[in-house]
There are 2 protein chains.
Amino acid sequence: MKKTLRRVALGLSLILVSGALAAQVIGKAEDQIRWRQSAYNTMAWSMGRIKANLEGSFSKEQVVQAANTIQAIANSGMGALYQPGTDKGSGHHETSVKSEFFKEQDKVKELAMAYNREANEMAKVAATGDAAAAKIQFGKLGESCKACHDKFRKEEKK
Amino acid sequence: MKKTLRRVALGLSLILVSGALAAQVIGKAEDQIRWRQSAYNTMAWSMGRIKANLEGSFSKEQVVQAANTIQAIANSGMGALYQPGTDKGSGHHETSVKSEFFKEQDKVKELAMAYNREANEMAKVAATGDAAAAKIQFGKLGESCKACHDKFRKEEKK
């Protein structure tokens, strides 16, 4: 928290997510990359928890916690963390984003909106406590993550 | 997402947060450390956004997005990411947790509950769109982060 959050004056040409961005964009390139990698990791943790609950004993409480976390991040407007100049650089590690991400904005938006829809639906389904429905929705949500990775994320090295 | 989420059979002696943990604990030590560092970074991003909105032009939408993200993480039961054996080790980098965290569970719980309360309140206040109230609540929330860091997190090196 001691790290200064320098506001960088950047154009807002890159409106990636529905729910248009408003005024404030924060962080240097390395901050933005670290934050988006962090947000994705937080979702991966949450997806892992849902999976473990579907495969093991099902705790509605845990699935709700995880689904709500994914939902909040999906609605956080993290498209703002893809400012021009963040196609290269290092956050926790070198960014895995493909340069196409910054060129094919319509496709990014389409995939981001699909994921947003599935994430909101996952939270709704989790709240019902219906494990069978949660399993189906978990599959759809996972597909929506994968669809974006297939197109816009470089292969993991390991 | 290719990284296997190995469930580790661990005792649940460490019930750190209100809303007791149920069955599933996932991840190896390095995963748990990476996930908690990620979740904290996601909150730091969100705090930075709220701050920028309080200091610059105020977008209710952005403050709500950020406050909801913090709220979801505060309610996610991330105490589960502090299993025994995660007092040392590396996630994105070497853990900064102090060993006291694993010994003073009553104090951890007290600080975690205070932060949980402030995070829930922050989301409530954000939803009203009242910038002056948001500023006050932001201060309280920040104090609740700091209270835990002062006691349980090692000094940042940089």
Side-chain angles (χ1 to χ4, degrees), chain A residues 1-3 5 7 19-27 31-32 34-49 51-53 55-62 64-73 75-78 80-81 91-93 123 142 145-146 149 155-156 158, chain B residues 1-3 5 7 19-27 31-32 34-49 51-53 55-62 64-73 75-78 80-81 91-93 123 142 145-146 149 155-156 158:
Chain A
M1 285 298 286
K2 296 233 185 70
K3 207 166 274 173
L5 298 163
R7 273 185 58 213
L21 299 177
Q24 310 295 342
V25 174
I26 62 167
D31 297 321
Q32 296 193 359
R34 190 181 74 254
W35 289 330
R36 70 199 189 201
Q37 290 173 338
S38 293
Y40 289 128
N41 266 288
T42 303
M43 292 205 291
W45 166 51
S46 304
M47 290 295 279
R49 293 178 80 193
K51 185 161 184 279
N53 274 281
E55 291 172 353
S57 73
F58 187 85
S59 153
K60 177 184 166 183
E61 184 190 15
Q62 283 204 349
V64 166
Q65 288 172 346
N68 286 354
T69 299
I70 294 169
Q71 179 183 42
I73 292 172
N75 290 300
S76 72
M78 64 178 278
L81 297 176
H92 289 300
H93 54 81
C145 310
K146 189 172 177 301
H149 295 160
E155 279 295 315
E156 281 180 78
K158 23 184 176 172
Chain B
M1 288 298 286
K2 297 234 183 69
K3 206 166 274 172
L5 298 163
R7 274 186 58 212
L21 300 177
Q24 308 297 342
V25 174
I26 63 167
D31 296 322
Q32 297 194 357
R34 190 181 73 254
W35 289 329
R36 71 199 190 203
Q37 290 173 338
S38 293
Y40 289 129
N41 266 287
T42 304
M43 292 204 292
W45 167 51
S46 304
M47 291 295 279
R49 292 179 80 194
K51 186 162 183 280
N53 275 282
E55 291 173 354
S57 73
F58 187 85
S59 154
K60 177 184 165 184
E61 185 190 14
Q62 283 203 350
V64 166
Q65 289 171 346
N68 286 354
T69 299
I70 294 169
Q71 180 183 41
I73 292 172
N75 289 300
S76 70
M78 65 179 276
L81 297 176
H92 289 300
H93 55 81
C145 311
K146 188 172 178 302
H149 295 161
E155 280 295 315
E156 282 181 78
K158 21 183 177 177

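Since the model is a prediction, treat every value here as computed from it, not as a measurement. Just so it is clear: chains get the letters A, B, ... in the order the sequence lines come, proteins before strands, and each one is counted from 1.
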Subject >> Selection from A/S76, A/G142, A/S46 maximising heavy-atom pairs under 4.5 Å formed with chain B >> reply: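 The answer is A/S76.
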
Subject >> Which atom of A/Q24 lies closest to which atom of B/Q62, heavy atoms considered >> reply: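 Heavy atoms of A/Q24 and B/Q62 come nearest at O-NE2, 3.2 Å.
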
Subject >> Sequence-distant partners of B/N41, side-chain contact (heavy atoms from CB on, under 4.5 Å), two or more places apart >> reply: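 Expected list: A/R34, A/W35, A/S38, A/H92.
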
Subject >> By side-chain contact (heavy atoms from CB on, under 4.5 Å) - contacts of A/K146 (at least two apart) >> reply: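 Listed in chain order: A/D150.
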
Subject >> Straight-line distance of A/R36 CZ to A/D31 CG, nearest 0.5 Å >> reply: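 It comes to 11.5 Å.
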
Subject >> A/A39, part contacting chain B, at a heavy-atom distance under 4.5 Å >> reply: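 Both parts, backbone and side chain.
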
Subject >> Which atoms of A/L81 approach chain B - backbone, side chain, both or neither, heavy atom under 4.5 Å >> reply: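 Looking at A/L81, just its side chain touches chain B.
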
